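Remember, it's a predicted structure, so these values are computed and weren't measured experimentally. To find a chain, count down the sequence lines: A is the first, B the second, and so on, and within it residues start at 1.
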Amino acid sequence: MYNFKEIEKKWQDFWDKDETYKVEEDDSKEKFYTLVEFPYPSGAGLHVGHVKGQTAVDVFARFKRLKGYNVLNSMGWDAFGLPAENFAIKNKKHPGIFTQENINNFRRQIKSFGPSFDWSREIDTTDPNYYKWTQWIFLQLFEMGLAYEKEAPINWCPSCKTGLANEEVVDGKCERCDSLVEQKNMKQWFLKITDYAEELITDLNDLNWPEYIKTSQKNWIGKSEGAEIDFSVKDSDIKIRVFTTRIDTIFGCTYVVIAPESKILLQLEYKIENKDELNEYLEKIKNKSDLERTDLNKDKSGVKIEGVKAINPFNNEEVDIFIADYVLASYGTGAVMAVPAHDERDFEFAKKYDLEIKTVITKEKDIDNSISCYTEDGHLLNSLEFTGMNSSQARSRMIEFGEGKGFVQRKINYKLRDWLFSRQRYWGEPIPIIKCSSCGNVPLEKSDLPLVLPEVENYEPSGNGESPLANIDSWVNVKCPKCGGDAKRETNTMPQWAGSSWYFLRYIDPKNQEELASAENLKKFMPVDIYFGGAEHTTVHLLYSRFWNKALCNKGIVPVSEPYKRRVQHGLILAEDGRKMSKRWGNVINPDDVISEYGADVMRLYIMFMGPYGDTSAWATSGINGISRFVNKVWNLTEKEITEDESDKETLNILHKTIKKVGEDIENISFHTAISQLMILLNHLSVKEKINKELVNIFAKLLSPFTPHLSEELFSLMGGIGSIFKSSWPEYSEDLIKDEKVKIAVQINGKLRDTLEVDFDSEESFVVELAKNSELVKRWIEGKDIIKIIFIKNKLLSIVIKQ
RNA sequence: GCCGCGGUGGCGGAACUGGUAGACGCGCUGGACUUAAAAUCCAGUGAUAGCGAUAUCGUGGGAGUUCGAUUCUCCCCCGCGGCACCA
């Protein structure tokens with residue numbers, strides 16, 4: 001019986017002492033940078049989901065090491081965050097204490113399943129030596145004009161008492177605590193991610209990422225190309241600028257709509273005749289929650305502005321102006337031209353308020369067949385000189401025409417908003433800015449970093465938009481570094497996403513005191529060759545960190561514009577009952593328990609065997625038993641007679657097929673099929689009485705990415721010296737993969753009637769003769785005309801007969 | 001609504017550029033070992049009919065292309081994920 005407890009411990013100790021996974025200084029070897037998302041060290045401990053990602057990166061890293069690469073594979077802690085802070089509030093203890101305890105527990109748990117991380121490079125985002133550089137990067141962004149302060153309506157979570165980025169609001173609720181998010185006007189720090197919107201889209205093209213992640217990111221950034229058109233307000237100099245992607249429908253515009261929060265209203269104010277009615281409406285809107293406002297099913301409402309008319313510059317027609325909350329102030333210009341005949345929303349609104357609907361696009365040329373709303377492209381009607389053109393033609397002609405006259409501008413809009421970057425909480429990186437009444441926002445000097453998070457008495461957020469740091473007068477009140485006058489520190493902290501936006505750079509040179517990482521090392525190791533992680537980061541972390549990397553690249557700090565060459569995401573592991581694992585259901589699988597019952601190798605192998613890596617699958621105790629059987633059977637090979645005698649041809653054939661398939665499958669992240677091939681090989685070997693020593697060695701190597709402890713033990717039993725991971729991946733021989741005999745399928749009119757065993761590469765004439773003599777075939781073709789014979793070497797013979 | 005992915009035995013899932021559907025694992029059935037059980041080992045296992053050789057059906061449904069379709073084309077149904085009043 002395989003004693004996993006003893007053997008796993010033995011090799012884990014060996015790896016620690018041997019520093020087996022330390023990145024080598026050897027420059028002759030090509031680098032390979034494997035990365036897995038570093039965990040937030042929660043109080044709940046390691047989840048099997050973490051194990052899945054960390055095992056996958058480990059399989060890949062070990063494989064690449066054996067393939068001769070100098071592999072960088074490390075681990076760290078994304079340790080700022082709300083749970084630690086909430087713990088601190090409740091227990092009146094520093095969140096760092098709780099965080100350290102959790103980190104220690106996570107480290108122990110991760111080490112207990114034996115992944116090959118270079119622990120000498122471990123990082124922790126809450127360590128001042130780390131966040132010094134997070135702050136430094138902020139200052140670079142500030143210097144580049146990419147970090148700015150602005151008073152704006154922001155997403156505010158009343159329960160977490162902090163502002164949130166757009167990416168942290170899901171269905172109008174706080175991603176963390178599910179409270180309804182409110183809009184609050186506050187002066188806040190933003191990062192100008194929108195400057196990179198275009199690059200963030202186009203550079204996706206060259207990345208080896210799953211298509212669905214690319215589309216998700218594109219959708220999130222939401223590029224749309226169109227034009228801005230100026231409508232002038234009758235009897236005034238005021239212009240209302242609208243954004244549209246469908247300038248081809250301009251002649252169907254029967255009114256203009258302004259968002260309730262739009263600043264244009266102030267300009268128009270002196271002309272408005274129904275101010276009371278408008279104010280009443282605005283008041284009503286204000287009281288609606290964001291969720292209510294964006295509910296698609298809600299009735300559209302609005303109010304006509306009396307006394308003011310807008311003029312369509314294309315035909316000089318006068319149209320009415322409305323304010324309505326179906327138009328968003330935050331997108332485009334905050335105003336739209338309404339074309340009810342060709343836009344669903346405008347159509348709905350026009351129906352409700354009985355407004356004119358004017359058809360200008362038809363599906364078929366010159367035929368007005370539209371009864372309701374037609375939103376597709378088509379041919380123009382009633383559009384003066386543009387009549388008869390198709391939509392796309394009309395769009396470019398109209399833009400040219402309008403640009404010539406000065407009332408149209410080509411414009412690209414993005415849904416992506418700037419990243420709200422300040423949080424009114426304690427447990428985050430302090431923003432390294434001093435606010436001086438005469439000099440404005442003054443950045444700290446590099447030599448003043450890290451700006452260490454000070455001790456406070458009370459970790460509770462004030463709720464009034466100030467972080468707990470604001471209460472420490474001695475920390476807040478400083479002299480302005482520029483003018484020497486009285487000044488105050490910025491008291492907001494950075495969001496949790498900050499530390500994780502660049503951690504992959506720090507692994508490369510984690511102890512560097514002078515730079516975030518040396519240029520030389522960055523050049524050597526960037527980009528990350530393969531990045532494993534979870535689906536929840538498709539549009540948040542992945543987008544933020546690409547942005548930071550791009551900004552740093554523009555500053556000449558990072559040598560590559562895209563940080564992650566290849567991205568692989570894993571599917572969830574559900575509980576045995578098919579539900580999500582949760583304390584509430586009491587169905588959580590704790591890796592500690594699995595390891596003590598079955599061993600680390602069995603857990604790793606099982607998780608990799610559960611199904612396709614990207615798929616969701618449910619934990620099955622019976623399944624893990626099967627893997628346990630497999631591991632014991634592998635061990636039983638050592639009880640056979642180990643010889644130097646050569647293996648038989650069939651064995652070599654299967655062995656070499658396995659070498660080929662396991663290598664290819666690991667490369668393609670098809671771990672479960674790699675393992676099934678290893679099972680096929682084992683099933684073949686299990687019935688033998690004697691077994692070749694070298695064959696055991698090769699088998700151990702093929703298994704080693706999945707079951708490193710077992711493989712080390714086998715390797716050393718077979719006389720290997722040192723770690724198996726310092727050896728090399730076996731090569732396969734094409735000759736040995738070829739089968740000597742092959743089975744050929746014989747089909748008659750497409751139906752399988754017989755299989756013939758023949759020599760490899762047998763000729764058509766030979767196989768046809770053989771088939772014609774087969775009783776099973778004779779039965780079907782006797783007395784029939786053969787119309788056609790299709791022969792594919794080593795595969796099949798298809799005979800077509802006349803019925 | 002839009003975009004993306006998927007639907008294969010009792011279950012997880014295999015199947016290369018169209019070429020023997022169901023690899024591998026689980027489960028189940030029978031047998032060996034055992035006083036017995038567990039563990040282990042051996043054999044079987046898509047459905048239907050047949051003692052069997054074998055035949056027919058079979059990859060969500062319907063049509064099509066083809067000697068041949070899980071794979072390609074069109075239509076439809078269902079499930080999952082993302083986005084969603086973005087003009």
Expressed as a whole number of Å, how far does the C1' atom of B:rC41 sit from that of B:rA53?
31 Å
A:Y414 OH to B:rA87 C1', straight-line distance once rounded to whole Å
17 Å
For A:G332, report the nucleic acid contact type (base, sugar-phosphate, nothing); a contact means any heavy atom under 4.0 Å.
nothing
Using a cut-off of under 3.5 Å, enumerate the N/O to N/O pairs linking the protein to nucleotides 5-10 of chain B.
none

Between A:D343 and A:W220, which is nearer to the 5' end of RNA chain B once each is assigned its nearest nucleotide?
A:W220
Could you tell me the separation between the CD atom of A:E167 and the P atom of B:rC83, rounded to a whole number of Å?
11 Å
Going by side-chain hydrogen bond (donor to acceptor under 3.5 Å, both in side chains), A:R246 matches just one of A:D248, A:T244, A:T249. Which one?
A:D248
Within a reach of under 6.0 Å around NZ of A:K741, are more than 12 heavy atoms found that belong to other residues, nucleotides or ligands?
yes
Cut-off 3.5 Å, side chains only: do A:S224 and A:N413 have a donor facing an acceptor?
no
Check for me whether the distance between the ring centres of A:F407 and A:F314 falls short of 6.0 Å.
yes
Separation between the C1' atoms of B:rA21 and B:rU71, rounded to whole Å
11 Å
Write down the distance between CG (A:N749) and C1' (B:rU66), rounded to a whole number of angstrom.
12 Å
Would you say B:rA87 has OP1 or OP2 under 4.0 Å from some side-chain N or O of A:Y326?
no
Could you give the distance separating B:rU70 and B:rU65 at their P atoms, to the nearest angstrom?
16 Å
Restricting to ring-ring contact (aromatic ring centres under 6.0 Å, His included), what partner residues turn up for A:W635, sequence neighbours left out?
A:Y2
How would you list, by chain and number, every residue that makes a ring-ring contact (aromatic ring centres under 6.0 Å, His included) with A:W209, sequence neighbours excluded?
none
Could you check if the base of B:rG9 is syn or anti? Syn means the glycosidic torsion is within 90 degrees of 0.
syn
Would you tell me whether A:Y281 and A:S301 have side-chain atoms, one donor and one acceptor, within less than 3.5 Å of each other?
yes
By salt bridge (charged side-chain N to carboxylate O under 4.0 Å, His left out) - contacts of A:R417 (at least two apart):
none
Under 4.0 angstrom between A:S224 side-chain N/O and B:rA87 OP1 or OP2
yes
Note: for A:S216 and A:K788 on RNA chain B, the residue whose nearest nucleotide lies more 5' is A:K788
So, using side-chain contact (heavy atoms from CB on, under 4.5 Å) as the criterion, who are the partners of A:E641 when residues are at least two apart?
A:T643, A:K690
Considering residues at least two apart in sequence or located in another chain, which fulfil the salt bridge (charged side-chain N to carboxylate O under 4.0 Å, His left out) criterion with A:K223?
A:E198
When the C1' atoms of B:rA23 and B:rU8 are compared, how many Å lie between them, rounded to an integer?
13 Å
Take atom NZ of A:K223 and atom P of B:rA87, then tell me their distance rounded to the nearest Å.
13 Å
Using the P atom in both, what is the distance from B:rA55 to B:rC3, to the nearest Å?
47 Å
Just how far, in rounded Å, is C1' of B:rG13 from OH of A:Y606?
12 Å
Mind listing the N/O atom pairs, protein and nucleotides 15-24 of chain B, below 3.5 Å?
unit_1: B:rC16; atom_1: N3; unit_2: A:K795; atom_2: NZ; d: 3.4
unit_1: B:rG19; atom_1: N2; unit_2: A:Q747; atom_2: OE1; d: 3.0
unit_1: B:rU20; atom_1: O4; unit_2: A:K743; atom_2: O; d: 3.2

What does nucleotides 43-54 of chain B look like as a protein-contact string, B for base, S for sugar-phosphate only, - for none, at under 4.0 angstrom between heavy atoms?
-----------S
Salt-bridge criterion met for A:K661 and A:E664 (N-O under 4.0 Å):
no
Suppose you measure atom C1' in B:rA84 against the same atom in B:rU45; what distance do you get, rounded to whole Å?
49 Å
Starting from C1' on B:rG81, measure out to CG on A:N219 and report it in whole angstrom.
12 Å
Those residues that, when tested against A:S765, pass side chain to side chain donor-acceptor pair (under 3.5 Å) (two or more places apart):
none
Nearest-Å distance once atom C1' is located in both B:rC77 and B:rA49:
32 Å
Closest non-hydrogen atoms of A:A335 and A:I240, given as atom of the first, atom of the second and distance, are CB-CG2, 4.0 Å
Across the strands shown, which category fits A:P612 at heavy-atom distances under 4.0 angstrom: base, sugar-phosphate, nothing?
sugar-phosphate
Residues that A:Y732 engages under ring-ring contact (aromatic ring centres under 6.0 Å, His included), provided they are two or more places apart:
none
When pairs are called at under 3.5 Å and a stem needs at least three consecutive Watson-Crick or G-U pairs, the stems of RNA chain B are B:1-7 with B:77-83, B:10-12 with B:24-26, B:27-32 with B:40-45, B:46-49 with B:54-57, B:60-64 with B:72-76
Listed partners of A:F349 passing side-chain contact (heavy atoms from CB on, under 4.5 Å), at least two apart:
A:Y255, A:K300, A:F322, A:A324, A:Y326, A:Y353, A:L355
Please determine, for the side chain of A:T215, which listed nucleotide (B:rC83, B:rG4, B:rA87) has the closest atom?
B:rG4
Is it the case that A:W497 and A:E167 place a side-chain donor and acceptor less than 3.5 Å from each other?
no
Atom CZ of A:R629 to atom C1' of B:rG27: distance rounded to whole Å?
10 Å
Phosphate contact (B:rG25 OP1 or OP2) by A:K633 side-chain N/O below 4.0 Å
no
Distance check needed: B:rC28 P versus A:N625 CG, whole Å only.
11 Å
Take atom P in B:rG13 and the same atom in B:rG62, then report the distance between them in whole Å.
25 Å
